Student: 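Could you have a look at this structure, given as C-alpha cells, before my questions?
Treat the numbers as computed from the prediction; the structure is a model and nothing was measured. Protein chains get the first letters and strands the later ones, always in sequence-line order, with residue 1 at the start of each.
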Amino acid sequence: VSFMDEHGAELHQLFLESAQELVQNLNDEALQLETRHDAQERQEALRDIRRIVHTLKGDSAACGLAEFSGFAHEVESKLEAQPANPAQMVMEAADRFTAMLRELRQNGFVEAAAPKSGAAQALTSAVPALRVDAARIDTLMDLTGELLVAKLGLQQAIGEFSSRFPRDPLRATLADVFAQHTRILAELQHAVLQVRMVEVARLFRRMPRVLRDVAQQTGKQITLEMRGTETKLDRSVLDALAEPLMHLVRNAADHGIEPPEVRRQLGKPEGGAITLAATQQANQVVISITDDGGGIDPARLRARAVERGMLSADEAAQLTDQQTYALIFEPGFSTAEQISAISGRGVGMDVVKSVVERLSGSVQVESSAGVGTIFRLQVPLTLAILRALLFKVADCTYAIPVSAVMEIVRLSSDDVVLEHGVEWVRVRDVVQRLVRIAASDAPRCYGIAVAIGTTQFVLAIDQPLAEENLVIKGVSDPLIASETVSGAAILGDGRVVMVLNLLAVFERAARTPVPAGGNLSAEARA
Amino acid sequence: MTMDGTNQMIGFAVGGKSFAVPMPAVREIVRVAPLTPVPDAPRHVEGVMNLRGRVLPVVNMHGLLALGSGKPAAGHAERIVVVEAGGRRVGLHVDGNAEVLKLGPQPMSQSTAEVRYEGRVIVVLDVERLLQELEAAA
C-alpha cells in the first residue's frame, strides 16, 4: 500500500463520516422547514440547507466523487429555483445522498478518481474534533487487553519472588510498583473504553425523519418524544441497533398508533405519541419504544400461531400473555395482511431479536389493549469488556455474562426429570428447563440458573470457576463462527475461552430432544 | 518465484508423509499452545489458540488429509504452521520437520500438485482451496 493509497483511504473515511453527519443535518433542517410556519425560521432553515448542500458538493468534489458532487450541484440549482415544497425536495435529496453514501461504504471508492492534492484541507466540513478510524481504537483496546493479561503474569512472578525471598526489602518496592501499575492500567482501560462511547442521541436523531415518512404515508399524526439522549453506549453496539430501532419505530407508528378517526371514537387524542427513552442500568443500557396505540391482542396472536401451524390449539391456550407476545419475534410469524409498504420492507421482528441477541442483549414486549405497547431493548454498555463467570464442562472452560446469572446450585439426579425429551429441574420450588452444552463425565454436577430477558433456564455444568473481566474479541472467521458463541477472550494463563450466547444455546437445546435415560453421567445418576 | 527462478516452500510432515505450502502463504511457524475447542466447528477444526493476543483457528491436518490415526503424533516436533489466505489467518497443526524447500525453476507440473525434492515426493497444498473446502464442510 503506497502512501497515497493510504492517505486516500483515510480521506475517504473522513468524507464518509462527515457527509453522513451533514446528511443527518439536512434531514433535521428539512423537518424544521416542514413544521415551522414563522417566515424567519423558515428562512434560517433554508439558509442552513443551502450551506450544507454546498459543503457536500465541495467535499465530494475534493474526493473526486463526480456523481455525488454533480447531484449536490443539481440540488443547489433546484433550491435556487424556489420549489413549491422545498422540505419534500430536500428530504428526497437526503435519501439519495444516503443511498450514495451506503453504496460508497459497501463498494469502496473504486469509481472515484484520485483525490486532488491538498484535498484534506479542502474538506471544509472536517470538524475540529478528531475523527479516528474505529479499527485504530480497537487496536488500542486489544493492546490494553494484552497488558491486563501480562499483568497477571507479573503478579505471579512477584508472588513467587516474595515466597522465595520472604525477607528481601525489594518485596515492598515490588508491591508498591505493582499497585501503581494496576491503578494506571485500570485508568487506561477506562479511558480507552470512553473513546468508544457515543451518545444515544446519535441514533435517536435519525428517528424523526423515519416517523415523519410513516405519518405522511398513513395520514396519522404522531409526536415523538426522546428521553435520556445523553446516555452513552459503545459505538459498535449503537451502530448495530440502528436497523432494529428503525424497524420498531416504524412498526409502532404503522401498526401501533391507530388512525385519527379511530382514536377520536375511542376518546383518545387524535395525535398518537411515541416515546424513545434510554437509561443506563449498571453495565446495561435499556432503550424503550413506547406507543399509546391500540396494543397487541394476545388472543389474535394465539389464533395466528395456531393458523400457521406453529402451535397446537392446546399449546396456544396454555401460553401466558407474556409468552404470547414473544411469538411476534418468531421467524415467519408476521402475516401477509400485516406487511404493508412501510413495515414490510427491511428487517422483520425476528431480525430485531437476533441482532439484539448477537449483542448479548434481550428484547421484551409489554402491551395493554387500548393503552399501547412498550418494546424494551436491553444491551450491554460495551462489547469490549465483559464481567464473566467462567465454568468447566467436559474439561472445557466457557464463559457467560455474569449479568445473566441468577444463582449456582448443586444438582443431583433426583432433581432432574426427563419428560418428552426435555429435562426439567427444580430450583427453589420453580421447575425450569435443564440445558446441557455437552455430555459430561463429572461425578457431581452444578447448575447455573440464568435469566436473559424473559427466558430462564438452568445450564448444567461440571464446575463453576472464577468471575473475571474479559476483553472480548469478535469471532468472525467462518471456520469458528457459531450462533452459540458470542465472542472469545484470552485468560490470564494465555488460553482462549469461548463466551457463550446463552439464548442460542437454549434454542439449540429446545430443538434437540434428550434421549430416554437422559445424558447425565453414570455416576451422577447413581 | 524469486528472481533467480527458484520456488521456495515450507515443507512439513503429516502422518509420515511430506507436504508443502508456498512460502508467501506462510506467516510463521510456532509451537503448539493449548487449544480451546469450538462448539459447532467443522470437523478437523481442532480449536483455537492464542497467537500473541489473536484468536487463531487451528486445523488438524491429520484429520483433514485422512492420515494416520487422525490425530497429530504428540511430540516435541509438533508445530503450528500459520498460513494466510483470503485475508485470514489459520494455523495448520502438523507433525513437524518443518523445513525450507528450495525447488528448482523447472519442477512444478501444472497437472499434479506433487513435486520431487531430494528423492522424496512432496504434495503441495493449495491453502486457499483447503480453507474453502473446510468451510464448505461446516
Student: Taking only residues two or more places apart in sequence, or in another chain, which ones meet B:Y117 in a ring pair (Phe, Tyr, Trp, His ring centres under 6.0 Å)?
Tutor: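 Ring pair (Phe, Tyr, Trp, His ring centres under 6.0 Å) check on B:Y117 returns nothing, list empty.
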Student: Which heavy-atom pair separates A:L434 from A:A460 by the least distance, and what is that distance?
Tutor: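 Closest pair (atom of A:L434, atom of A:A460, distance): CD1-CB, 4.1 Å.
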Student: Can you tell me how far CZ of B:F19 sits from CG of B:D95, rounded to the nearest 0.5 angstrom?
Tutor: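 If we round to the nearest 0.5 Å, B:D95:CG and B:F19:CZ are 10.0 Å apart.
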Student: If the cut-off is 3.5 angstrom, what donor-acceptor pairs do you find between chain B and chain A?
Tutor:
residue, atom, partner, partner atom, Å
B:T36, OG1, A:V496, O, 2.5
B:D40, OD1, A:R508, NH1, 2.8
B:D40, OD2, A:S482, OG, 2.6
B:D40, OD2, A:T484, OG1, 2.9
B:D40, OD2, A:R508, NH2, 3.2
B:N50, ND2, A:G494, O, 2.9
B:G53, O, A:K473, NZ, 2.8
B:R88, NE, A:D477, OD2, 3.1
B:R88, NH2, A:D477, OD1, 2.8

Student: Grab the two heavy atoms, one from A:I461 and one from A:C445, that are nearest each other, plus how far apart they are.
Tutor: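 Looks like O-CB, 3.3 Å.
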Student: Are any of the side-chain nitrogens in B:E99 or B:R120 under 4.0 Å away from the carboxylate oxygens of its partner?
Tutor: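 Counted as a salt bridge, because a side-chain N and a carboxylate O are separated by less than 4.0 Å.
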Student: So which of B:G47, B:A33, B:P57 has the largest heavy-atom pair count under 4.5 angstrom toward chain A?
Tutor: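 Sorted descending by pairs with chain A, the first entry is B:P57.
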Student: Quick one: CG on B:L101 to CD1 on B:I10, what's the gap to the nearest 0.5 Å?
Tutor: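 Nearest 0.5 Å value for the CG-CD1 distance: 7.5 Å.
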Student: I'd like to verify something: which residue of B:V38, B:V90, B:V59 has the highest number of heavy-atom pairs under 4.5 Å with chain A?
Tutor: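 Highest number of heavy-atom pairs under 4.5 Å: B:V38.
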Student: Calculate, to the nearest 0.5 Å, the distance between atoms CG and CZ belonging to A:L459 and A:F506 respectively.
Tutor: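 The CZ atom of A:F506 is 11.5 Å from CG of A:L459, to the nearest 0.5 Å.
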Student: Who among A:V485, A:V496, A:L143, A:V475 has the most heavy-atom pairs with chain B under 4.5 Å?
Tutor: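 That would be A:V496.
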Student: Can you tell me how far CD1 of A:I400 sits from CG of A:L389, rounded to the nearest 0.5 angstrom?
Tutor: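 Between atom CG of A:L389 and atom CD1 of A:I400 there are 5.0 Å.
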Student: Is it the side chain or the backbone of A:L479 that comes within 4.5 Å of chain B heavy atoms, both, or neither?
Tutor: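 Looking at A:L479, backbone and side chain both touch chain B.
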